[in-house]
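Structure, as structure tokens:
Throughout, protein chains are lettered first and strands after them, A, B, ... in sequence-line order, and every chain is numbered starting at 1.
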There are 2 protein chains.
Amino acid sequence: MEKHETSVVEALHSAIRSAGLRLTLPRRAICRVLAANSEGFLTVAQILESVEQSAGQIDSSTAYRTLDELARIGLVHHIHFGNQPGKWHLTLDNDHQHLVCETCQKTTLVPLTEIAPMFNHFRDTYQFHTNLHHFAILGHCEDCKPRYPHDA
Amino acid sequence: MEKHETSVVEALHSAIRSAGLRLTLPRRAICRVLAANSEGFLTVAQILESVEQSAGQIDSSTAYRTLDELARIGLVHHIHFGNQPGKWHLTLDNDHQHLVCETCQKTTLVPLTEIAPMFNHFRDTYQFHTNLHHFAILGHCEDCKPRYPHDA
DNA sequence: ATCCGTGCAAATACTTTGCATTTAC
DNA sequence: GTAAATGCAAAGTATTTGCACGGAT
């Protein structure tokens, strides 16, 4: 495991403990998988598959319940692209946002500094507090663009 | 029916015809419901209920198939908030965007002119073509904010 | 008359829930 | 030891699909 990965796992562990939750084997496994994909969006199916390879099978209900708990204490968020299953990602690295291609799912990272002015505008003008973690922007990348004439 | 509503319905009808699709009774009913809620996001369940009141029952599979067709020709889009059922909305009025409160669902409209600079930035810098219709921004309104310390 | 669209029923996909057992603390 | 978390099984929602019939063009 990479160094950065390890420190992310440790941060998750201590956040779980601080929240008064128990650090069980399924939870450790899920943390490890999330940390190994800290830039990505994972479905529950992908998480289960990945956990199975590294730590043996866990039940999907356990995964859903664990992810809900992690969301409750603010470690993860989930988002839906189109009609696909929900995708989960860590909220620790919140110095960027995601531009997600609806066709090929390619994700481009944008530094938060480039879009913060807009969020500040929403806050000041509309008293609206943007959820930076839920805020994935959908559209199309250059390659996939031509097929979708209706988009910007 | 209001005047603006009527003209929206007519626009939808002619777009359907132009696309080579047939203008059936269920499709007319769905167009009417969408036009009557042109600022909103409707679930299939809400559409079915509303259609039932105005034009009699239609099957949910018909609604899903019709909405998929309308999406294909660019008249509607759908989006998921959290784990809720997908919500559909018209794309005709695309001069604004939506700030949606994740807690109470309150929606604030933002003129496109206020956020266009950011989309242009995405296009110029990242070759990313934002889908203006999918682009609903999640967060919390002033009233619901305090319960969610993790958000911006 | 043709073929697209509909309704019905069944299937599928995703997620949630109840409960007895196991495990972390 | 105690309460929380897990696994299993079943249920609940949301959505999709196959097919025979009916309606729009």
- prompt: Between B:Thr62 and C:dG5, is there a side-chain N or O to OP1/OP2 distance below 4.0 Å?
  reply: no
field: Rounded distance (Å) that lies between atom P of D:dT13 and atom NE2 of B:His80
entry: 17 Å
- request: Please report how far the helix from C:dA1-D:dT25 to C:dC25-D:dG1 bends, comparing the axis fitted to its first five pairs with the axis fitted to its last five, to the nearest 10 degrees.
  value: 40°
- prompt: Listed in order of residue number, which residues of residues 21-28 of chain A have a non-hydrogen atom at under 4.0 Å from DNA chain D?
  reply: A:Leu21, A:Arg22, A:Thr24, A:Pro26, A:Arg27
statement: Here the distance between atom C1' of D:dA14 and atom CZ of B:Phe81, to the nearest Å, is 17 Å
- prompt: Looking at side-chain heavy atoms only, is the closest gap between A:Leu34 and A:Ile47 below 4.5 Å?
  reply: yes
message: Any donor-acceptor pair under 3.5 Å linking the side-chain atoms of A:Arg28 with those of A:Thr24?
response: no
message: Aromatic contact between A:His78 and A:His89, with the criterion being ring centroids under 6.0 Å apart: yes or no?
response: no
query: Once you round it to whole Å, what is the distance between P of D:dA5 and CD1 of A:Ile16?
result: 10 Å
task: May I ask you to decide if B:Thr62's main-chain N or O and B:Thr66's side chain share a donor-acceptor pair within less than 3.5 Å?
output: yes
- prompt: How close or far is atom C1' of D:dT17 from atom CG of B:Asp68, stated in whole angstroms?
  reply: 12 Å
- request: Answer whether the closest heavy-atom distance between the side chains of A:Ile16 and A:Leu75 falls below 4.5 Å.
  value: yes
task: Please check if atom CD in B:Gln127 has more than 12 non-hydrogen atoms from other residues, nucleotides or ligands closer than 6.0 Å.
output: yes
- prompt: Taking only N and O in the side chain of B:Asn83, is any of them less than 4.0 Å away from OP1 or OP2 of C:dT16?
  reply: yes
task: State, with a plain yes or no, whether a side-chain heavy atom of A:Thr43 is found less than 4.5 Å away from one of A:Leu48.
output: no
- prompt: Considering heavy-atom distances to DNA chain D, does B:Arg17 or B:Pro85 have its closest nucleotide positioned more toward the 5' end?
  reply: B:Pro85
- line: In whole angstroms, the gap separating P of C:dC4 from CD1 of B:Ile73 amounts to 16 Å
- prompt: Counting just side-chain N and O atoms, does A:Tyr64 come under 4.0 Å of either OP1 or OP2 of C:dT15?
  reply: yes
- prompt: Aromatic rings B:Phe81 and B:Phe41: how do their planes relate, parallel, tilted or perpendicular, breaks at 30° and 60°?
  reply: perpendicular
task: Measure up the A:Tyr126 and A:Phe122 rings against each other and bin them: parallel (under 30°), tilted (30 to 60°), perpendicular (over 60°).
output: tilted
message: Rounding to an integer number of Å, can you tell me how far B:His78 NE2 sits from D:dA14 P?
response: 15 Å
message: Under 4.0 Å from OP1 or OP2 of D:dG7: is there any side-chain N or O of A:Ser60 that close?
response: no
query: Just how far, in rounded Å, is C1' of C:dC14 from CD of B:Gln84?
result: 15 Å
query: Between A:His80 and A:Lys87, is a side-chain contact (heavy atoms from CB on, under 4.5 Å) present by the stated rule, with each step listed?
result: CA-CA 6 Å; A:His80 285 254; A:Lys87 296 192 178 174; over 6 Å; no
Shared hydrophobic cluster for A:Ile30 and A:Leu23 (ILVMFWY, side-chain gaps under 4.5 Å): yes
query: Considering only heavy atoms from C-beta outward, does the side chain of B:His96 approach that of B:Val110 to under 4.5 Å?
result: no
For nucleotides 8-10 of chain D, give me every protein contact, N/O to N/O, under 3.5 Å, one pair per line with atom names.
from, atom 1, to, atom 2, distance (Å)
D:dC8, N4, A:Ser61, OG, 3.2

